[in-house]
Trainee: 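Dropping the structure in here first, questions after.
Remember, it's a predicted structure, so these values are computed and weren't measured experimentally. Index from 1, following the sequence.
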Amino acid sequence: MGKRIFLFLLSNILVITTIGIVLSIIGSLTGVGTYFTAGGGIDIVALLVFSAVVGFVGSFMSLLMSRWMAKMAMGVQVLNPDKQTLSYEEQQLVDRVYKLSRAAGLTKMPEVGIYNSREVNAFATGPSKNRSLVAVSTGLLQEMDDDAVEGVLAHEVAHIANGDMVTMTLLQGIVNTFVVFFARIAAWAVSRVVREELAPIVHFIAVIVFQIVFSILGSLVVFAYSRHREYHADRGGADLAGKDKMIHALRSLEQYTSRVKEEQASVATLKINGKKHTSLFSTHPDLSDRIRRLEAK
């Protein structure tokens, strides 16, 4: 799931920054949508409306792009049994995802894909339950046994069934609204301390800088939510594949983590297995804690 969150946040930052720049340029040229008062102050209500529009449009655009962006960024090869001849292993992977999806109550099967990577990883993404993708790395298929693979797949299908991407989008829209709002307040304050003829340029540049900085800080809220949802997906995976298989999958990930090189561990927040310790920028809780919670269930 870590890659799903990373790609979603990256596209979100790019989208809201682009939208904000375009709307700022249009506002400066036409006066439409401006949130400045005649005296050079800020109309708080107008700015809040502007921020909400940019924030939620950016968030939903990122959601709509999520499946396409994941395929492009990760080089995912989609497996379609109706349009291509699959190997035995590929057909087995598709059949497992479909079986778990039906058990989860999904009416439309997710796309299933494989991407070439030595890392042990898997993720699910997509704008809705009916337009979703489950992708696994070649490294995961090589490193894990059948029961562990099924546990990982059940975890990812649970994310889809829980509607995590849509909930994430709504949360990101709220975060975006505050990011856009406070970035422009801060930029306005900075522009007030420079010469009047430089104020528009300073404000324009400051908006971009503050928006990126506040977006990174706002991602802490998204990461915290992501860690919370991992426990739910673990429970969902246990319901779909069986508690023993879900615990076995997490233990297999834990064993893999102990073998990875130090340079690989340095980017572990982007991986399904997470770090050995939980940080504010981690998308996943400790594997040991996830295992304990499942065992206590």
Side-chain angles (χ1 to χ4, degrees), residues 1-5 70 76 78-79 81 86-115 117 119-126 128-130 132-165 167-168 226-258 271-274 283-297:
M1 183 182 175
K3 286 193 179 294
R4 172 178 69 90
I5 301 299
V76 175
V78 176
L79 306 177
L86 305 181
S87 67
Y88 174 76
E89 291 78 12
E90 291 171 339
Q91 186 63 57
Q92 204 173 35
L93 176 64
V94 172
D95 290 343
R96 280 178 175 165
V97 173
Y98 285 4
K99 181 190 74 172
L100 293 166
S101 298
R102 285 190 288 268
L106 299 181
T107 56
K108 186 172 176 59
M109 296 299 100
E111 287 186 328
V112 183
I114 299 176
Y115 63 96
S117 175
E119 67 177 359
V120 174
N121 202 1
F123 64 89
T125 190
S128 70
K129 294 180 182 181
N130 293 330
S132 57
L133 166 72
V134 174
V136 300
S137 68
T138 52
L140 182 142
L141 298 176
Q142 292 164 2
E143 287 274 347
M144 288 190 162
D145 59 34
D146 288 347
D147 285 350
V149 169
E150 186 161 352
V152 170
L153 294 176
H155 174 95
E156 300 304 335
V157 169
H159 276 305
I160 298 172
N162 293 340
D164 284 348
M165 279 300 287
T167 310
M168 183 76 70
S226 174
R227 293 193 295 271
H228 170 71
R229 295 307 298 175
E230 285 306 301
Y231 296 117
H232 288 270
D234 285 344
R235 290 196 294 270
D239 291 338
L240 294 174
K243 180 178 174 180
D244 290 342
K245 288 183 180 180
M246 191 66 242
I247 292 176
H248 176 56
L250 294 176
R251 289 199 186 281
S252 297
L253 288 168
E254 192 172 40
Q255 291 169 4
Y256 167 77
T257 303
S258 67
K271 300 174 183 174
I272 185 176
N273 48 327
T283 60
H284 291 65
D286 285 347
L287 282 166
S288 57
D289 186 43
R290 293 166 64 182
I291 292 169
R292 280 197 302 271
R293 291 201 183 198
L294 269 183
E295 287 177 334
K297 182 186 174 195

Trainee: Might you point out which heavy atoms bring A158 and G237 nearest each other, and give the distance in Å?
Mentor: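 Looks like CB-N, 3.8 Å.
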
Trainee: How long is the gap from OG on S252 to CG on L140, to the nearest 0.5 Å?
Mentor: 9.5 Å

Trainee: Nearest 0.5 Å, please: how far is CG in L153 from NZ in K245?
Mentor: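 Output value for this atom pair is 11.0 Å.
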
Trainee: Between D286 and R292, is there a side-chain N and carboxylate O pair less than 4.0 Å apart?
Mentor: no

Trainee: Is it true that a side-chain atom of S101 and a backbone atom of M109 form a donor plus acceptor pair closer than 3.5 Å?
Mentor: no

Trainee: State whether the side chain of S132 and the backbone N or O of T125 hold a donor-acceptor pair below 3.5 Å, judged by distance alone.
Mentor: no

Trainee: Check the pair L253, M144 against side-chain contact (heavy atoms from CB on, under 4.5 Å), reporting the backbone distance first and the verdict last.
Mentor: CA-CA 9 Å; L253 288 168; M144 288 190 162; 3.4 Å; yes

Trainee: Check the pair V76, F123 against side-chain contact (heavy atoms from CB on, under 4.5 Å), reporting the backbone distance first and the verdict last.
Mentor: CA-CA 11 Å; V76 175; F123 64 89; 4.2 Å; yes

Trainee: Y98 and P110: which non-hydrogen atoms are nearest, and at how many Å?
Mentor: CE1-O, 3.6 Å

Trainee: For a 4.5 angstrom cut-off between non-hydrogen side-chain atoms, does R96 reach V112?
Mentor: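 Not touching, per the 4.5 Å side-chain cut-off.
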
Trainee: Whether the side chain of D145 engages the backbone of D147 through a donor-acceptor N/O pair (distance < 3.5 Å, no angle test) should be reported.
Mentor: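 Yes; judged by distance alone, with no hydrogens or angles, the pair exists.
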
Trainee: When rounded to the nearest 0.5 angstrom, what distance separates CG in N162 from NE2 in H232?
Mentor: 8.0 Å

Trainee: Please lay out, stage by stage, how L100 and E156 fare under the test side-chain contact (heavy atoms from CB on, under 4.5 Å).
Mentor: CA-CA 10 Å; L100 293 166; E156 300 304 335; over 6 Å; no

Trainee: What's the separation between atom OG1 in T138 and atom CD1 in I114, rounded to the nearest 0.5 Å?
Mentor: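 Rounded to the nearest 0.5 Å, the OG1-CD1 separation comes out at 8.0 Å.
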
Trainee: Between R251 and H248, does any side-chain donor sit less than 3.5 Å from a side-chain acceptor?
Mentor: no

Trainee: Out of curiosity, L240 CG to M246 CE, how far, rounded to the nearest 0.5 Å?
Mentor: 10.0 Å

Trainee: Please step through side-chain contact (heavy atoms from CB on, under 4.5 Å) for the pair H155 and E230, ending with a clear verdict.
Mentor: CA-CA 9 Å; H155 174 95; E230 285 306 301; 2.9 Å; yes

Trainee: Are any side-chain N or O atoms of Q91 and backbone N or O atoms of L86, one a donor and one an acceptor, separated by less than 3.5 Å?
Mentor: no

Trainee: If only atom types and distance count, is the side chain of K129 paired as donor or acceptor with the main-chain N or O of A161 below 3.5 Å?
Mentor: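 Here the side-chain-to-backbone pair exists.
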
Trainee: Side chains of K99 and E150: does their closest heavy-atom pair fall under 4.5 Å?
Mentor: yes

Trainee: Under 3.5 Å, is there a donor-acceptor pair between the side chain of K243 and the main chain of L294?
Mentor: yes

Trainee: Looking at E254 and R290, is any side-chain nitrogen of the basic one under 4.0 Å from a carboxylate oxygen of the acidic one?
Mentor: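 Salt bridge: no.
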
Trainee: Do NZ/NE/NH1/NH2 and the carboxylate oxygens of R293 and D289 come within less than 4.0 Å?
Mentor: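 Here R293 pairs with D289 in a salt bridge, since their nearest N and O are under 4.0 Å apart.
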
